[in-house]
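These values consider heavy atoms only, across backbone and side chains, with no hydrogens, waters or symmetry-generated copies.
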Amino acid sequence: MTAVVFVHGTGVREPALSALVERVTAGLAAQRAGLDVVPYAWGAAHGATLAAGGASLPPRSGTTRGPGEGPAGPDPGDETAAAWAVLYDDPYAELAAAATASGPAAERPPGTLPPQDLIRARLAALAAGGDAPAAEAGPGLARAATALAAHPLLGPAAEALQPADLAFLAARSLTARVVADALDADSPLVPVGATRDAVTDRIAEALGAPPRGAERGLRSVLLRSAGALAARAVERRRRALTEAAHPAAGDILRYLSRGAAFREGLRALVASLEPPVAVVGHSLGGIIALDTLISQPLPQVGLLVTAGSQGPFLYESGSLPSLEHPAPLPPHVPAWLNLYDPRDLLGYLGAELFPGRVTDVPVDSGQPFPAAHSAYWTNPVVYRHIVDHLP
């Protein structure tokens, strides 16, 4: 009987581990009967824990606390920050929301410019002045103003909004485009919120808005609603990090600094099994499996399978504990099947790094990242590839 040692990824603890192993067992059994799935529960034995009860974690939900104090009320800046996150992802998001609310064009007094013509003229004047009004946020204001003036949704948005609101909307879009460009360029200098808001005010005034005065933050009800939704998503993510997934980052750091115990545990488990043995590792589990098989021969193992694993990346970047680039894989490392989802940003390729030693196979879950990183074990194609390569 072939034994399949399953090495789980970061942050997996009971009861999730049992459910995962059950799913892996069923997935393999659907492809081939008689396989013995043996979990390596390294998380319970060697994984990261918060030894001081989470004293290192900041208070959740945007709250603040002092020494000996409980959490205060929610930080009102969370919703604003989350709303800006929406715009950094799509600087035209608020423009699109405003455009959908527009109705038939209203009649205007004779001789007055249509609102879209007026805002386009002001955007052209702003572009002609160069990047100076947004210098603290980064380059690209003139280019962003030209693109916004030509955007097809600007006209409908102009019909739907008062001139001052339109000016602030356009200013937020331009500021978001400049900051998003800085983020895309991996700039180490991204402005703080107060600077971002000052830049937005300056641009808005250039586009015809009255001085903001003492009012800060976002004026638009449209973007406030988007910000509230985004803030709730951030809150859910923060809760998951604080209450459930905090071992994930700690597991990686703990393995890279104290990985010998992880590898010794896997070696002992494999040594207790009759051959043939396959070792299947997900994410950090794939790194543990690869490192273990590199560091010492395990003749029982005839196949290594990694799924969504960062082992090749760690090797190329000089961070894999057992092997430093450009050293080749030792001859005793068994055949290596490396499964990756093209949308999984944590799945890397090994065939070019280890010619003739690794088979990279794409498996498409149909999920975006980060869901793609957790969807391997519900994908029947994954099990078919594993079974096809089993000794």
Side-chain angles (χ1 to χ4, degrees), residues 1-10 12 17-47 255 259-312 315 320-323 328-340 350-351 354 356-361 363 376-377 379-391:
M1 176 183 293
T2 298
V4 178
V5 176
F6 180 72
V7 190
H8 65 80
T10 56
V12 178
L17 176 59
S18 291
L20 175 59
V21 173
E22 182 179 348
R23 183 65 186 85
V24 170
T25 302
L28 288 170
Q31 300 290 331
R32 176 170 154 182
L35 298 175
D36 180 23
V37 178
V38 182
Y40 175 41
W42 60 260
H46 309 296
Y255 176 72
F262 293 69
R263 294 188 290 272
E264 182 54 41
L266 179 56
R267 275 194 292 267
L269 176 60
V270 169
S272 70
L273 302 172
E274 293 292 329
V277 176
V279 178
V280 178
H282 177 228
S283 192
L284 177 58
I287 297 171
I288 296 170
L290 173 63
D291 250 348
T292 302
L293 290 167
I294 289 173
S295 60
Q296 181 177 316
L298 288 174
Q300 301 98 319
V301 179
L303 175 67
L304 166 64
V305 180
T306 55
S309 184
Q310 305 82 51
Y315 167 73
L320 189 67
S322 61
L323 192 68
L329 278 180
H332 62 255
V333 175
W336 178 4
L337 171 65
N338 181 52
L339 305 174
Y340 70 97
F354 304 108
R357 302 295 306 279
V358 185
T359 302
D360 293 325
V361 176
V363 289
Y376 290 95
W377 311 114
N379 187 347
V381 175
V382 166
Y383 298 105
R384 185 168 71 246
H385 283 301
I386 293 174
V387 167
D388 286 347
H389 286 78
L390 283 176

Answer yes or no: is there a donor N or O on one side and an acceptor on the other, between the side chain of [X] and the main chain of [Y], under 3.5 Å?
{"X": "E274", "Y": "S272", "value": "no"}
{"X": "R267", "Y": "Q296", "value": "no"}
{"X": "H8", "Y": "G43", "value": "yes"}

Enter the distance from [X]:[atom1] to [Y]:[atom2] here, rounded to the nearest 0.5 Å.
{"X": "L329", "Y": "L290", "atom1": "CG", "atom2": "CG", "result": "6.5 Å"}
{"X": "L303", "Y": "L390", "atom1": "CG", "atom2": "CG", "result": "6.0 Å"}
{"X": "L284", "Y": "T306", "atom1": "CG", "atom2": "OG1", "result": "12.5 Å"}
{"X": "T2", "Y": "L273", "atom1": "OG1", "atom2": "CG", "result": "11.5 Å"}

Is [Y] close to [X] at the side-chain level, that is, under 4.5 Å between some pair of heavy atoms?
{"X": "L339", "Y": "I386", "answer": "yes"}
{"X": "V279", "Y": "L298", "answer": "no"}
{"X": "R32", "Y": "L28", "answer": "no"}

Open item on the list: Can you tell me if E264 has over 12 outside heavy atoms packed within less than 6.0 Å of its CD?
Closed with: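 It does: E264 CD has more than 12 such atoms within range.
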Task: Donor + acceptor pair across side chains of S322, R263 (<3.5 Å) - done: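 Result is no, nothing qualifies.
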Using every non-hydrogen atom in the two residues, find where [X] and [Y] come nearest and quote the distance to one decimal.
{"X": "T292", "Y": "I288", "value": "OG1-O, 2.7 Å"}
{"X": "A351", "Y": "V358", "value": "CB-O, 3.6 Å"}
{"X": "V7", "Y": "Y40", "value": "CG1-CD2, 3.9 Å"}
{"X": "L304", "Y": "A289", "value": "CD1-CB, 3.7 Å"}
{"X": "P39", "Y": "V21", "value": "CB-CG2, 3.6 Å"}
{"X": "P276", "Y": "P391", "value": "CB-CG, 3.9 Å"}

Open item on the list: Quick one, R357 with V333, criterion side chain to side chain contact (heavy atoms under 4.5 Å, CB included). Give me CA distance, side-chain angles, the key distance, then yes/no.
Closed with: CA-CA 9 Å; R357 302 295 306 279; V333 175; 3.7 Å; yes
- [ ] Quick one: do Y383 and V24 satisfy side chain to side chain contact (heavy atoms under 4.5 Å, CB included)? Show the steps, please.
- [x] CA-CA 8 Å; Y383 298 105; V24 170; 3.9 Å; yes
Open item on the list: Show me the pairs that pass ring pair (Phe, Tyr, Trp, His ring centres under 6.0 Å) and involve residues 259-301, at least two apart or across chains.
Closed with: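 Checked against ring pair (Phe, Tyr, Trp, His ring centres under 6.0 Å) - neighbours excluded - the pairs reaching residues 259-301 are W42-F262, H46-F262, Y255-F262, H282-H373, H282-Y376, H282-W377.
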- [ ] Before giving the answer on side chain to side chain contact (heavy atoms under 4.5 Å, CB included), spell out for F354 and N338 the whole-Å C-alpha distance, their side-chain angles and the decisive distance to 0.1 Å.
- [x] CA-CA 12 Å; F354 304 108; N338 181 52; over 6 Å; no
Open item on the list: With salt bridge (charged side-chain N to carboxylate O under 4.0 Å, His left out) as the rule and sequence neighbours excluded, what pairs involving residues 292-302 come up?
Closed with: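 For residues 292-302, and leaving out neighbouring residues, there are no salt bridge (charged side-chain N to carboxylate O under 4.0 Å, His left out) pairs at all.
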